[in-house]
Amino acid sequence: MPEKTYDHNQIELKWHERWAAEEGAGLYKAEENSSKPKYYVLEMLPYPSGALHVGHIRNYAIGDALARHMWMRGYNVLHPMGWDAFGLPAENAAIKNGRPPREWTLSNIEKMKLTHRRFAFSYDWDREVTTCEPDYYRWNQWFFLRMMEKGLAYRKQAMVNWCSECGTVLANEQVVDGCCWRHETTPVEQRALDQWFLRTTAYADELLKDIEILDGSWPERVLTMQRNWIGRSEGAEVDFKVDGYGPVRIFTTRIDTIYGATCMILAPEHEIVRTRLNAEMQAHAKKMIDARAAQGPGDVEKEGFDTGLRATNPFSGETVPVWVGNFVLMGYGTGAIMAVPAHDQRDFEFCSKYGIKILPVIRPTDGELPDVTKMKEAADAYGVVENSGPYSGKPSEEAKREMAARAEREGFGKAAVTFRIKDWGVSRQRYWGTPIPAIHCPACGVVPVPDDQLPVLLPRQVAITGKGRSPLDAVPEFVNVACPKCGAAARRETDTMDTFVDSSWYFYRYCDPQNTAVPYDKEKIAYWFPIDQYIGGVEHAILHLIYSRFWTKMMRDIGLTTCDEPVKKLFTQGMVVRNGAKMSKSKGNVVPADDIAEMRGADTARMFALFAAPPEKDVDWNDAGVEGIYRFLGRIYRFATRNIPAPAGGDGSADTQVLRKLHQTLERITIDFDHRWHFNTSIAAVMELVNELYAEEARISQATLATVIRTLTLMIAPFAPYLAQELWEEQGNSGPVFREAWPAFDAELAKETEVEIPVQINGKLRARINVPAGTGAAELGQLAQADEKVKALMEGKAIVKVIAVPDKLVNLVVK
RNA sequence: GCCCGGGUGGCGAAAUCGGCAGACGCAACGGACUUAAAAUCCGUUUUCCCGCAAGGGGAGUGUGGGUUCAAUUCCCACCCCGGGCACCA
């Protein structure tokens with residue numbers, strides 16, 4: 001047959017339409033009762049911002065190649081997709097152009113779904129999950145009620161960013177340089193508000209310990225980040241009695257230095273500040289709090305003031321001053337510390353600044369106590385405790401144990417573990433999120449919404465003005481409600497849930513998306529879970545992936561799953577950047593997926609996304625490389641079409657060589673899929689094969705041509721589904737190509753019979769010899785020395801050593 | 001400051017277990033086809049030196065050391081880039 005010109009539009013449109021018709025017949029459907037082994041492959045669900053860009057394409061191209069490959073390997077594949085549809089941008093859009101958040105969100109989903117289909121990602125759309133719809137978020141509420149029952153959801157006061165100009169709460173990302181994003185000269189204040197928390201700390205130890213389960217199948221750096229985030233640290237809590245107040249508890253990891261404590265420092269948010277200090281001091285503390293929030297992370301000059309209060313060190317009996325310090329965090333430990341300036345750098349800086357006494361109590365094992373007059377920085381190493389009453393002369397470790405034991409025995413402290421991870425604040429003073437199912441009754445207090453009243457529906461008619469505590473506050477028919485307990489007039493909770501709640505369990509819902517009785521059928525997830533392969537951006541290494549782990553453990557403890565961990569293997573792909581910057585609307589450097597599909601086709605776009613770099617690496621998108629993939633697909637298409645059916649005439653003299661290359665290529669791709677996902681090298685291997693086919697075309701027999709084209713078609717099916725399907729049909733086949741068996745490679749056929757061996761003399765390449773593959777070391781050494789060129793160079797030299805590595809090289813060491 | 005990644009041609013990259021550095025692609029250049037162009041096909045392309053040429057020789061994977069017959073790969077020190085955490089007591 002004469003070759004055809006590769007017209008991506010024609011091919012992709014044709015199959016796009018056919019597949020749309022076939023999808024109802026279960027093209028990408030996961031089977032519910034299958035005898036095949038299951039494989040659950042999942043890509044992180046996107047926020048429906050309005051358009052997919054090439055960063056998404058990369059993520060989905062990886063997952064889709066894997067899903068198609070696993071189908072071809074005989075697995076029952078679950079490959080679902082959904083929408084992380086709640087969130088701030090929908091409200092911002094509403095403020096900006098008056099479009100209701102739901103309408104804006106659903107229309108974005110429609111647009112993006114079209115792009116998904118255009119790219120032929122193999123999703124089982126019957127399982128689609130949209131988190132902003134009541135049939136999904138009612139289960140967020142259901143879980144929330146379960147957590148209230150177990151004491152895992154609770155209320156406490158916490159600080160929020162407050163803009164006095166808007167009269168509203170700001171999300172952290174709405175705070176720009178310490179000011180409101182809409183009022184650039186209005187500094188953001190910190191206000192205390194009663195808010196809802198989930199007790200993630202109840203699982204802190206288990207979240208840390210179970211990282212061991214994930215070790216080896218999650219990227220090491222993700223696990224490290226999680227370990228740091230959880231931040232377990234062992235130490236002790238000790239009460240210092242404050243005159244006229246009572247005991248104040250401090251946390252320290254260095255109780256062995258307690259005899260060197262020369263003052264006590266409180267966080268500016270500490271209770272004593274509110275209850276015992278005068279107005280002037282309180283104002284000072286408030287300023288510190290606001291300044292810290294405005295500054296954001298980073299080094300701040302240490303600052304503080306003496307409260308005039310005095311506290312007693314329970315070990316030494318000494319009286320020390322009580323200060324307030326801006327560097328002491330209320331959210332860690334107890335919000336109060338003992339300052340040991342001699343042995344802690346931060347305390348050293350603070351105390352030096354304010355002239356507070358420095359008292360060394362630890363000497364190095366083989367040295368003297370530090371000389372206070374010469375100290376330039378704190379000596380924070382362990383050593384031997386001195387000037388410490390009965391503990392003097394003991395090593396730090398021993399003193400730590402004994403002191404903690406004594407504190408516990410005598411009731412003024414104990415050994416204690418503190419975590420950096422905090423309880424998860426889930427309250428958002430926002431409209432576009434899951435309503436928290438609680439009611440505030442003047443008589444009964446906080447009352448959970450009864451199960452049979454779920455879902456608490458988010459009202460649709462809401463004015464989004466960006467003013468007031470929350471848009472829901474201004475909706476009387478939402479707020480005014482009868483107390484479920486006593487029937488009195490009560491107020492509905494108007495906070496909504498953090499959107500990380502939605503994404504913490506959505507992958508369970510995919511297994512049973514229509515269920516109206518329970519979040520999902522336990523049997524169904526027992527079959528599908530855990531997720532075999534989860535693929536997404538490394539930016540979710542901490543929050544999303546810790547919350548998901550927490551949620552699974554919580555569900556396990558209420559009997560909904562037996563899984564300890566939801567995700568067996570995690571792959572974090574690199575970012576797609578443009579001109580060195582992360583793609584974002586604000587930078588205006590987004591490359592829309594549809595543009596690439598329009599110009600060069602979906603196959604080209606997704607294949608280039610895989611070819612540009614190994615998937616875990618960041619990649620700078622440039623359109624020039626796209627052209628190369630397009631040419632490559634054209635080369636495949638032209639070669640195949642002009643050889644279907646294979647013309648008689650090729651003498652077959654290149655058959656062995658071509659079949660060898662074919663099986664070598666298959667081997668490389670198969671290994672790439674099994675082990676490391678370096679699809680860039682998989683695709684390079686196919687390019688090499690195609691180059692060889694072009695070079696040897698006339699010398700390939702009819703039968704071999706047919707075999708090669710068939711295998712090549714199957715090989716590219718995971719990467720370029722449209723082209724593969726078209727060629728599959730051209731060869732007279734029917735049915736989806738990705739449901740065919742993945743071609744097995746024949747290790748024998750892939751073996752080289754002859755290899756070229758480099759010959760080095762003293763490590764420098766001097767000659768090459770051709771020998772049969774597998775030639776032994778001794779013979780190889782002989783053959784190398786017999787080479788004419790080697791002989792000439794060896795003239796008058798003595799051989800010291802012959803290193804011969806079969807099939808690799810020969811190195812002659814001479815003098 | 002601490003903890004991770006990473007640094008290889010003009011560019012994206014490859015070298016999977018210590019064994020030919022630069023596979024594959026982009027860009028560039030040359031040739032074939034064409035009235036011409038596009039498309040396509042074939043070729044050259046790390047760099048420096050010697051040679052009209054065939055060919056030959058040297059250097060080279062951020063820098064400096066080390067181990068080894070042999071180092072992009074292993075070890076030590078340092079420089080640069082990216083990311084995460086950042087007063088966590």
Side-chain angles (χ1 to χ4, degrees), chain A residues 3 5-6 219-225 227-229 231-233 235 250-255 257 265 292 296-302 325-329 331-340 343-347 349-350 380 418-422 538-539 541-542 574-575 577 580 582 608 611-614 616-629 631-632 634-635 638 668 671-672 675-676 678 680-688 690-691 694-695 756-768 800-805 807-814:
Chain A
E3 72 176 32
T5 307
Y6 177 55
E220 193 49 51
R221 65 173 167 149
V222 172
L223 298 181
T224 305
M225 281 159 80
R227 274 193 201 98
N228 294 340
W229 188 260
R232 184 177 197 275
S233 85
I250 59 106
F251 175 75
T252 177
T253 53
R254 292 298 302 274
I255 193 173
T257 64
I265 311 176
R292 162 171 289 285
D299 267 341
V300 180
E301 171 70 20
K302 288 184 181 54
N326 64 343
F327 69 102
V328 178
L329 307 172
Y332 185 79
T334 60
I337 63 164
M338 65 173 189
V340 185
H343 303 295
D344 182 283
Q345 185 57 26
R346 295 155 303 183
D347 299 345
E349 287 165 21
F350 188 82
D380 56 10
T418 293
F419 291 90
R420 205 197 80 108
I421 191 172
K422 294 183 213 128
V538 71
E539 63 272 23
I542 300 176
M575 283 189 311
V577 298
K582 187 178 175 173
F608 178 68
F611 180 69
E616 70 277 8
K617 253 192 88 165
D618 287 352
V619 56
D620 205 322
W621 187 273
N622 76 316
D623 292 342
V626 173
E627 222 33 53
I629 294 293
R631 279 202 284 260
F632 169 58
R635 264 165 88 78
R638 286 190 304 276
R668 283 176 64 181
I671 288 173
D672 276 340
H675 296 300
R676 52 171 212 173
H678 279 198
N680 55 329
T681 60
S682 304
I683 293 164
V686 183
M687 288 173 169
E688 281 184 53
V690 171
N691 289 347
Y694 267 74
E756 190 186 66
I757 301 289
V759 181
Q760 300 177 341
I761 295 175
N762 286 342
K764 302 223 173 201
L765 181 66
R766 292 300 182 214
R768 295 167 199 279
V800 178
K801 200 172 177 186
V802 177
I803 289 130
V805 184
D807 295 341
K808 291 285 185 192
L809 96 169
V810 176
N811 188 10
L812 303 170
V813 186
V814 303

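Only this structure's heavy atoms are used, side chains among them; waters, hydrogens and symmetry mates stay out. Chain identifiers are assigned alphabetically (A, B, ...) following the order of the sequence lines, protein sequences preceding nucleic acid strands; residue numbering begins at 1 within each chain.
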Which whole number of Å gives the distance between the [atom1] atom of [N] and that of [M]?
| N | M | atom1 | value |
| --- | --- | --- | --- |
| B:rG51 | B:rG58 | C1' | 15 Å |
| B:rC75 | B:rC41 | P | 45 Å |
| B:rA27 | B:rC11 | C1' | 7 Å |
| B:rG55 | B:rG5 | P | 46 Å |
| B:rG22 | B:rU47 | P | 13 Å |
| B:rG7 | B:rG60 | C1' | 15 Å |
| B:rC79 | B:rG62 | C1' | 7 Å |
| B:rA28 | B:rG66 | C1' | 41 Å |

When the distance from [atom1] of [X] to [atom2] of [N] is rounded to whole Å, what number comes out?
| X | N | atom1 | atom2 | answer |
| --- | --- | --- | --- | --- |
| A:Ile761 | B:rG57 | CD1 | P | 10 Å |
| A:Ile421 | B:rG84 | CD1 | P | 19 Å |
| A:Gln760 | B:rG18 | CD | P | 17 Å |
| A:Trp229 | B:rC2 | CH2 | C1' | 16 Å |
| A:Arg227 | B:rG84 | CZ | C1' | 15 Å |
| A:Leu809 | B:rG18 | CG | P | 15 Å |
| A:Asp344 | B:rC87 | CG | P | 13 Å |

Nearest to the side chain of [X] - [options]?
| X | options | result |
| --- | --- | --- |
| A:Phe251 | B:rG19, B:rA89, B:rA86 | B:rA89 |
| A:Ile542 | B:rG19, B:rG84, B:rA23 | B:rG84 |
| A:Thr253 | B:rA89, B:rC69, B:rA23 | B:rA89 |
| A:Thr252 | B:rC69, B:rA15, B:rA89 | B:rA89 |

Partner residues of A:Arg676 under the salt bridge (charged side-chain N to carboxylate O under 4.0 Å, His left out) criterion, sequence neighbours left out: A:Asp672

Salt bridge (charged side-chain N to carboxylate O under 4.0 Å, His left out) partners for A:Arg420, two or more places apart: none

Heavy-atom protein contacts under 4.0 Å, nucleotides 3-13 of chain B, coded B base, S sugar-phosphate only, - none: SS-------BS

Protein-nucleic acid N or O pairs under 3.5 Å, nucleotides 38-48 of chain B:
from	atom 1	to	atom 2	distance (Å)
B:rU40	O3'	A:Arg638	NH2	3.2
B:rC41	OP1	A:Arg635	NH1	2.9
B:rC41	OP1	A:Arg638	NH2	3.2

For A:Phe327, ring pair (Phe, Tyr, Trp, His ring centres under 6.0 Å) partners two or more places apart: A:Phe350

Partners passing side-chain contact (heavy atoms from CB on, under 4.5 Å) against A:Asn622 (at least two apart in sequence or in another chain): A:Phe608, A:Ala624

Using a cut-off of 4.0 Å on non-hydrogen atoms, how would the nucleic acid contact of [X] be classed: base, sugar-phosphate, or nothing?
| X | result |
| --- | --- |
| A:Asn811 | base |
| A:Lys764 | sugar-phosphate |
| A:Val328 | base |
| A:Arg766 | sugar-phosphate |
| A:Glu756 | base |

Short side-chain N/O contact to B:rA15 OP1/OP2 from A:Arg676, under 4.0 Å: yes

Presence of A:Thr418 side-chain N/O under 4.0 Å of B:rA89 phosphate oxygens OP1/OP2: no

RNA chain B: 5'-proximal contact among A:Asn762 and A:Thr334 (nearest heavy atom): A:Asn762

A:Gly331 or A:Ala684, whichever maps to the more 5' nucleotide of RNA chain B: A:Ala684

Anti versus syn assignment for B:rG25, with syn defined as within 90° of 0: anti

For B:rC75, glycosidic torsion class - syn if within 90° of 0, otherwise anti: anti

Residue pair A:Arg766, A:Leu812: steps toward the side chain to side chain contact (heavy atoms under 4.5 Å, CB included) verdict: CA-CA 10 Å; A:Arg766 292 300 182 214; A:Leu812 303 170; over 6 Å; no

Any-strand Watson-Crick or G-U partner of B:rU44, both distances under 3.5 Å: B:rA28

Mate of B:rA86 where both pairing distances stay under 3.5 Å, Watson-Crick or G-U: none

Full working for salt bridge (charged side-chain N to carboxylate O under 4.0 Å, His left out) between A:Arg227 and A:Glu220: CA-CA 11 Å; A:Arg227 274 193 201 98; A:Glu220 193 49 51; 3.8 Å; yes

Atom pair CH2/NZ of A:Trp229 and A:Lys422 - distance to nearest 0.5 Å: 7.5 Å

Derivation and outcome, salt bridge (charged side-chain N to carboxylate O under 4.0 Å, His left out), residues A:Glu616 and A:Arg221: CA-CA 12 Å; A:Glu616 70 277 8; A:Arg221 65 173 167 149; over 6 Å; no

Evaluation steps, side chain to side chain contact (heavy atoms under 4.5 Å, CB included), between A:Thr252 and A:Val340: CA-CA 10 Å; A:Thr252 177; A:Val340 185; over 6 Å; no

